[in-house]
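First listed ligand is number 1; within each ligand, the first listed atom is number 1.
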Amino acid sequence: MSELQQHRHERRILGTEIAWAFGVGILIAATLSVIVFTALTKGVNPPSNVERIDPKTLHLAGEFAEHNLGTTVAPDGGVTVRIIATQFMFVPRCIAVPYGRPVTLRFATPDVIHGVLVTGTNVNTMVVPGYVAQVHTEFIRSGELLMPCHEYCGLGHSEMWATVQVMPESEFKPGSDGRISCARH
Ligand code: CUA
């Protein structure tokens with residue numbers, strides 16, 4: 001190969017490399033902008049609120065004591081649902097939520113890492129011992145949604161699921177204590 005040919009050859013390689021680097025750069029920029037866009041407009045974000053809780057005592061007193069689990073409507077209308085994920089069930093097994101209103105879901109576990117998602121919604125988080133996992137959402141599908149554990153947590157993992165009952169405003173009537181559970185059917 002003459003020196004000129006060698007030179008052309010190297011330039012061609014350089015051109016290809018620059019083209020690929022450019023393409024990959026565009027791909028990375030597109031991926032990052034989708035993440036930022038969905039975080040800002042659709043509330044899709046990693047469960048990053050770092051809130052500690054003692055897994056050994058969370059069921060004894062405080063926010064995740066048994067009488068406090070399930071759905072609570074505050075006097076200002078804010079809806080908060082507290083759920084314990086434990087081997088191998090969710091407590092409670094069914095939660096009632098209103099249709100088309102902001103809802104805050106709070107999860108904690110006393111044992112191992114679980115995962116939780118609600119089908120057809122943006123609810124999808126890990127539940128890690130020692131931390132409260134919090135998700136904000138708005139349910140815009142009515143009826144019953146499935147809420148399975150999606151992180152392998154032991155032999156009973158596949159049996160670990162709960163139900164989310166999305167109620168129209170006419171049915172979502174909390175008691176005088178602000179609490180509401182699933183309708184029997
Ligand atoms: Cu809990 Cu899998």
### Message
By the ring-ring contact (aromatic ring centres under 6.0 Å, His included) test, which pairs, at least two apart or in different chains, include something from residues 58-79?
### Response
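Output for this query is empty, none listed.
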### Query
What residue pairs, at least two apart or across chains, pass ring-ring contact (aromatic ring centres under 6.0 Å, His included) with a residue in residues 150-181?
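Every ring-ring contact (aromatic ring centres under 6.0 Å, His included) pair that includes a residue of residues 150-181, provided the two are not neighbours, is Tyr152-His157.
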### Query
Of all residues at least two apart in sequence or in a different chain, which pass the side-chain hydrogen bond (donor to acceptor under 3.5 Å, both in side chains) check with Glu63?
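Glu63 satisfies side-chain hydrogen bond (donor to acceptor under 3.5 Å, both in side chains) with Arg82, Arg106 once adjacent residues are dropped.
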### Task
Evaluate the side-chain proximity of Gln87 to Val112: yes if any heavy-atom separation is below 4.5 Å, no if none is.
yes
### Task
Return the number of protein N, O or S atoms with a distance to atom 2 (Cu) of ligand 1 smaller than 2.8 Å.
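For atom 2 (Cu) of ligand 1, the figure is 4.
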### Side-chain (Ser2) to main-chain (Gln5) donor-acceptor, under 3.5 angstrom
yes
### Message
Looking at Leu69, is its backbone amide N or carbonyl O close enough to the side chain of Arg179 to form a donor-acceptor pair, meaning the two atoms are under 3.5 Å apart?
### Response
yes
